[in-house]
Amino acid sequence: MSKYIPYGRQSITDSDIQSVVKVLKCDFITQGPQVRKFEKALCISTQAKYAVAVSNGTAALHLACLAAGIGKGDEVITSPLTFLASSNCVLYCGGKVVFADIDSQTANIVSSEVEKNITKKTKAIIPVHFAGQPCEVDQIRDIGKKYNLIIIEDAAHALGAKYKGSHIGSCKYSDMTTLSFHPLKHITTGEGGAILTNRKDFYEKLLMLRSHGATKDNFVNKSEGDWYYEMQMLGFNYRITDIQCALGVSQMKKLGKFVQRRRRIVELYNKAFLDNPYFDIPIEKDHSFSSYHLYPIRVKTNYVHSRKDIFADLRKNGLGVQVHYFPVYLQPYYRELGYRKGLCPIAEQYYSKTISLPLYPKMLNSDVIKVIQVCMKVFDKYRN
Ligand SMILES: Cc1ncc(COP(=O)(O)O)c(C=O)c1O
């Protein structure tokens with residue numbers, strides 16, 4: 001049976017495994033020194049002042065929204081073409097999600113669409129750097145300044161990317177940036193996430209929110225003893241373990257290489273697929289350095305028929321392709337909240353045409369060649 005090539009997967013080496021084993025033999029397997037070490041590595045890599053590592057990327061988004069003060073009656077604008085978490089985090093806080101349409105090529109939120117959707121109730125914007133390509137976050141920052149809004153970048157896809165020379169995660173154009181370390185992302189901690197910020201007030205709040213809203217200093221009740229911890233807000237247990245962070249520290253050493261390999265595979269795909277009649281390939285904007293979490297192609301519907309059949313055939317031929325994403329507001333839960341088909345026509349059209357091809361650092365050149373050959377064979381079969 002021929003090898004199955006998934007659309008993404010982790011790259012774990014012996015040195016990663018040894019780092020984790022070392023922690024398992026230590027006194028601290030959670031909340032020990034590895035958490036701070038991992039946070040420091042994230043700060044060095046992204047140039048952000050502060051990092052708070054948490055249990056997953058969804059928790060990171062939830063805490064960022066809480067730190068931003070999002071609550072009942074507040075509106076938050078985000079992309080419809082993203083993973084559920086970019087939007088659900090607003091609902092967790094009692095806010096209302098407003099979806100702004102995307103660019104038909106990059107699938108990133110369009111700043112003019114964001115501005116069109118601003119009302120007196122808008123409190124924040126959550127731009128998503130789709131597939132690793134940074135969105136026009138400077139323009140979004142300008143809108144944020146104009147209307148006094150908080151910007152939270154969802155950079156789950158974009159660790160290692162740059163926008164106009166600045167690292168994604170540096171928060172140059174935002175108040176906070178969130179990351180995910182799920183195995184399919186650029187580096188992994190199994191499950192894991194982080195919030196980056198340059199604002200001390202947010203940092204201190206995030207630290208408390210990560211662990212039940214409690215603190216071990218700056219008490220209101222000053223007369224208690226050394227045993228005392230104080231809950232000052234309603235937080236969660238969104239902590240990440242030392243075991244996970246040891247893996248994170250080890251993985252961060254390889255981030256540059258991982259991104260380089262992803263970009264090399266994209267180069268090979270781009271060269272092979274250039275000018276093919278069946279689908280458009282992803283573009284990289286002039287001001288962007290994409291870290292290529294995904295390689296989403298867009299089927300040209302006038303040349304081929306039935307994305308569904310093509311998708312099924314690619315899978316049947318050993319390619320673990322995927323579709324990113326079904327527009328969030330079309331999910332039954334969101335429909336129940338009153339969102340309707342037609343809200344973001346570009347996102348709906350993009351969804352109907354896209355397929356993500358395999359892309360991960362461990363892919364061999366022979367895997368890349370197989371993907372190219374299978375793709376061309378399958379697309380040929382479904383030509384109009
Ligand atoms: C854009 C985006 N945001 C947030 C998340 C949530 O991250 P996690 O799976 O670590 O909770 C994901 C996960 O895939 C994502 O793709």
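Here the structure is a predicted model, which is why all the values come from computation and not from measurement. Remember, it's 1-based here, ligands and their atoms both numbered in the order they're listed.
Judged by the 6.0 Å distance and 45° axis criteria, R263 is positioned over the aromatic ring of F289. Cation-pi geometry between R307 and Y351 is met: the NZ or CZ atom falls under 6.0 Å from the ring centre, inside 45° of the normal.
Between F219 and Y228, the ring-plane angle classifies as perpendicular under the 30° and 60° cut-offs. Using bins of under 30°, 30° to 60° and over 60° for the plane-to-plane angle, the ring pair Y329/Y339 lands in the tilted bin. Ring geometry, F130 versus Y325: the interplanar angle exceeds 60°, so the pair is classed perpendicular (tilted spans 30 to 60°).
Contacts with ligand 1 closer than 4.0 Å are made by heavy atoms of both the backbone and the side chain of T58. With a heavy-atom cut-off of 4.0 Å, L61 touches ligand 1 through its side chain alone.
For atom 5 (C) of ligand 1, the closest non-hydrogen atom of the protein is F83 CD2, 3.7 Å. From the protein, the heavy atom lying nearest to atom 3 (N) of ligand 1 is D154 OD2, 2.7 Å. The protein non-hydrogen atom at the shortest distance from atom 16 (O) of ligand 1 is H157 NE2, 2.9 Å. Looking only at heavy atoms of the protein, atom 9 (O) of ligand 1 is closest to S180 OG, 4.1 Å. The protein heavy-atom contact nearest to atom 13 (C) of ligand 1 is K185 NZ, 3.1 Å. When only non-hydrogen protein atoms are considered, atom 8 (P) of ligand 1 lies nearest to G57 N, 3.5 Å.
Near Y325, with a cut-off below 4.0 Å to any heavy atom, the atoms of ligand 1 are 16 (O). Atoms of ligand 1 lying under 4.0 Å from any heavy atom of G192, numbered from 1 in the order shown and given with element: 10 (O). Listed by atom number, the atoms of ligand 1 under 4.0 Å from T82 heavy atoms are 1 (C).
By the 4.0 Å heavy-atom criterion, S86 is counted among the residues contacting ligand 1. Heavy-atom distances between A59 and ligand 1 stay at or above 4.0 Å for every pair.
A heavy-atom distance below 4.5 Å is found between the side chains of F236 and L66.
Sorted by first and then second residue, the side chain to side chain donor-acceptor pair (under 3.5 Å) pairs with a member in residues 89-105 read D103-T106; sequence neighbours excluded.
In this structure, K200 pairs ionically with E204, as a charged nitrogen and a carboxylate oxygen lie closer than 4.0 Å.
Between V128 and N108, the shortest heavy-atom contact is O-OD1, 2.9 Å.
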